[in-house]
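One structure is given here, and the rest of the page talks about it.
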Amino acid sequence: MYLVGNSIVTSSSHVLSFSQAGGHHRLQFPAFRSTPNNAVYRPFKVVCVDYPRPELDNTSNFLEAAYLSSTFRASPRPAKPLNIVIAGAGLAGLSTAKYLADAGHKPLLLEARDVLGGKVAAWKDDDGDWYETGLHIFFGAYPNVQNLFGELGINDRLQWKEHSMIFAMPNKPGEFSRFDFPDVLPAPLNGIWAILRNNEMLTWPEKVKFAIGLLPAMLGGQPYVEAQDGLSVQDWMRKQGIPDRVTTEVFIAMSKALNFINPDELSMQCILIALNRFLQEKHGSKMAFLDGSPPERLCKPIVDHIESLGGQVRLNSRIQKIELNKDGTVKNFLLNDGTVIKGDAYVFATPVDILKLLLPEDWKPVPYFKKLEKLVGVPVINVHIWFDRKLKNTYDHLLFSRSPLLSVYADMSVTCKEYYDPNRSMLELVFAPAEEWIARSDSEIIDATMSELSRLFPDEIAADGSKAKILKYHVVKTPRSVYKTVPDCEPCRPLQRSPIEGFYLAGDYTKQKYLASMEGAVLSGKFCAQAIVQDYELLAARGEVMAEASLV
């Protein structure tokens with residue numbers, strides 16, 4: 001008999017398998033040699049085995065996304081490939097470049113910083129440990145992201161977790177409440193079962209009122225969902241007669257996880273879209289962690305693919321100005337170092353706030369650009385804390401903290417292969433809402449985080465540091481992250497094709513149905529690439545005219 005963590009396992013063989021909350025694990029170790037006086041043990045190796053990839057490939061959304069990907073590979077090879085200049089190497093810019101390269105064109109991707117990824121960027125510290133811009137979760141309901149992993153041949157880099165949503169219990173420090181989705185039931189029955197089985201967060205009368213309140217959304221479909229953009233989550237709940245406690249118990253956590261703001265600010269459309277994806281697809285709410293840092297494990301394979309097809313990616317290439325021709329179209333991008341970059345078409349795949357800073361004065365009165373004024377990035381803070389011991393009150397999963405200051409968190413030393421550590425925990429936490437904290441010092445933010453963690457880990461963490469000790473920490477502040485999905489901002493989201501000939505946009509704030517998410521960023525890039533491919537004849541002819549004009 002052996003004690004491993006909190007699990008007791010027995011076996012007479014040299015390979016032991018066991019289960020505990022959060023995943024399946026297997027131990028492998030060589031046999032020991034016995035002598036009359038002693039026994040020599042060799043160190044055993046712990047191998048974490050994640051849940052298998054869910055069956056996503058036959059869902060209608062996955063097939064729709066796969067078809068859109070195939071149109072780029074199947075499109076006629078251009079007689080003269082377009083040179084497309086793309087600003088921003090986040091997921092939107094990388095996606096745009098990838099699918100343009102698939103269609104036979106030559107993207108040049110410019111990134112201002114020295115790291116790929118944009119909002120999924122990460123850095124290594126002096127100890128070789130990674131710290132990230134955010135805690136990134138890959139859902140089964142992300143069909144374009146899932147297709148992208150498959151197209152790059154890196155499906156094995158997603159570490160799938162059990163199909164559950166796990167919430168901390170503020171009124172019961174150190175305890176969790178779970179929504180477990182049974183694999184034997186189809187959607188939406190598995191989601192309904194998960195909700196009905198959980199009696200710790202909502203009472204039966206509250207569940208019934210919530211279900212009745214959701215009926216219009218279930219019956220009205222997408223048109224109803226889009227019509228709710230003018231209401232906040234809190235206002236919609238009250239309008240539907242749903243008790244405030246439902247918002248407090250469940251939707252504060254969901255709102256902060258989806259957009260880093262509270263239910264009194266978040267548009268109800270955002271929640272309804274998420275619920276629609278999670279409840280209508282059997283594996284929609286199933287979560288996976290990337291097995292390492294996003295720049296290396298996701299972004300680098302996209303770059304390799306782009307470069308293998310003749311595209312280019314340049315870091316440390318910050319745009320200073322969008323210079324215009326006399327007719328108001330883009331003449332070139334001027335970089336900070338004075339370099340002039342010309343192309344047949346231009347794409348801005350930066351966050352909306354950066355686009356607004358660099359928008360030419362001549363374009364600002366144009367309604368398409370003027371509407372962008374309402375789209376503003378939300379501040380968010382990502383906190384990483386390395387402790388001197390392995391914390392026990394955690395799971396191999398994403399956890400909803402239900403804390404006033406924290407959104408979601410995970411013990412990355414358990415959930416992620418590259419960050420795995422058998423002796424110490426590294427908690428990665430999303431600090432939100434962050435508007436009042438973004439200007440405060442790192443030490444203040446860490447003190448506030450530790451105070452919250454003392455309630456989540458009452459037996460292991462103390463606010464004064466008298467229990468688990470902090471070995472080190474990193475605080476990553478993003479003053480303007482994803483666009484703030486407040487009521488009435490949906491009409492302000494632009495299409496990827498702008499009214500300026502040869503100029504396009506990509507980014508999760510642009511028009512697509514997955515809002516501010518990694519899936520939304522990737523889909524926006526596909527739509528942007530699609531618009532450019534559709535405009536090929538126009539752009540090619542325009543390029544010839546511009547070339548002739550430059551010779552005169």
Side-chain angles (χ1 to χ4, degrees), residues 72 78 81-121 144 148 295 298-323 329-336 339-355 357-360 494-498 500-510 512 518 520-536 539-540 542-543:
F72 297 104
L82 297 173
N83 294 307
I84 302 107
V85 184
I86 304 168
L91 289 181
L94 288 165
S95 172
T96 304
K98 189 264 186 197
Y99 291 105
L100 284 170
D102 284 348
H105 297 291
K106 304 300 179 188
L108 169 59
L109 190 56
L110 305 173
E111 169 55 44
R113 300 188 294 182
D114 61 355
V115 61
L116 298 166
K119 298 186 195 80
V120 301
N144 290 281
L148 179 61
L298 173 56
C299 300
K300 185 61 167 61
I302 304 176
V303 169
D304 292 342
H305 179 87
I306 293 166
E307 292 179 340
S308 74
L309 295 174
Q312 299 178 59
V313 179
R314 297 182 192 171
L315 301 178
N316 299 303
S317 300
R318 187 178 297 275
I319 294 173
Q320 182 185 97
K321 187 179 181 182
I322 303 172
E323 297 191 317
T329 59
V330 180
K331 180 181 180 181
N332 57 257
F333 286 169
L334 176 66
L335 304 188
N336 272 10
T339 303
V340 172
I341 305 292
K342 291 179 175 287
D344 298 308
Y346 300 85
V347 177
F348 244 69
T350 68
V352 65
D353 299 278
I354 294 176
L355 169 64
L357 284 174
L358 292 173
L359 206 61
L495 295 171
Q496 287 75 28
R497 181 189 285 111
S498 87
I500 307 300
E501 191 175 285
F503 186 76
Y504 302 81
L505 299 179
D508 57 20
Y509 71 93
T510 63
Q512 39 73 29
M518 292 186 290
V522 170
L523 181 55
S524 78
K526 291 174 91 168
F527 283 164
C528 183
Q530 183 184 52
I532 293 171
V533 170
Q534 290 170 347
D535 294 347
Y536 170 70
L539 295 170
R542 179 175 174 275

Discussion item. Walk me through whether L148 and L91 qualify under side chain to side chain contact (heavy atoms under 4.5 Å, CB included).
Written reply: CA-CA 11 Å; L148 179 61; L91 289 181; 5.6 Å; no
Worksheet item: What side chain to side chain donor-acceptor pair (under 3.5 Å) pairs are there with at least one residue in residues 95-108, not counting sequence neighbours?
Response: K98-D102, K98-E151, Y99-E151, D102-H305
Worksheet item: Got L355 and L359 here, is their nearest side-chain heavy-atom distance under 4.5 Å?
Response: yes
Worksheet item: Between L298 and V120, is any pair of side-chain heavy atoms under 4.5 Å apart?
Response: no
Item to complete: Could you check if a side-chain atom of R314 sits within less than 4.5 angstrom of a side-chain atom of I341, using non-hydrogen atoms only?
Response: yes
Fill in: Beyond-backbone contact of V522 with M518, side-chain heavy atoms, under 4.5 angstrom
no
Fill in: Test item: L116 and V313 side chains (from C-beta on) under 4.5 Å apart, heavy atoms
yes
Worksheet item: Would T510 and Q496 satisfy side chain to side chain donor-acceptor pair (under 3.5 Å), going step by step from the backbone distance to the final call?
Response: CA-CA 6 Å; T510 63; Q496 287 75 28; 2.9 Å; yes
Worksheet item: Would you say the side chain of V347 lies within less than 4.5 Å of the side chain of I532, judging by non-hydrogen atoms?
Response: yes
Worksheet item: Considering residues at least two apart in sequence or located in another chain, which fulfil the side chain to side chain donor-acceptor pair (under 3.5 Å) criterion with D508?
Response: none
Could you pull out all donor-acceptor pairs under 3.5 Å where a side-chain atom in residues 83-90 meets a protein atom, sequence neighbours excluded?
none

Practice prompt. Would you mind reporting whether R113 and R318 have side-chain heavy atoms less than 4.5 Å apart?
Written response: yes
Worksheet entry | Partner set under salt bridge (Lys or Arg N to Asp or Glu O under 4.0 Å) for E501, not counting sequence neighbours | R542
Worksheet item: To the nearest 0.5 Å, how far apart are CG in N332 and CD1 in I319?
Response: 10.5 Å
Worksheet item: Excluding sequence neighbours, so at least two apart, what forms side chain to side chain donor-acceptor pair (under 3.5 Å) with K119?
Response: none
Practice prompt. List in chain and number order the residues that pass salt bridge (Lys or Arg N to Asp or Glu O under 4.0 Å) with D535, two or more places apart in sequence or in another chain; answer none if no residue qualifies.
Written response: R497
Discussion item. To the nearest 0.5 Å, what is the distance between CG on L334 and CG on L358?
Written reply: 10.5 Å
Worksheet entry | Shortest non-hydrogen contact between P78 and G104, atoms and distance | CG-O, 3.6 Å
Response to the item:
Separation between CG (L100) and CG (L109), nearest 0.5 Å, reads 10.5 Å
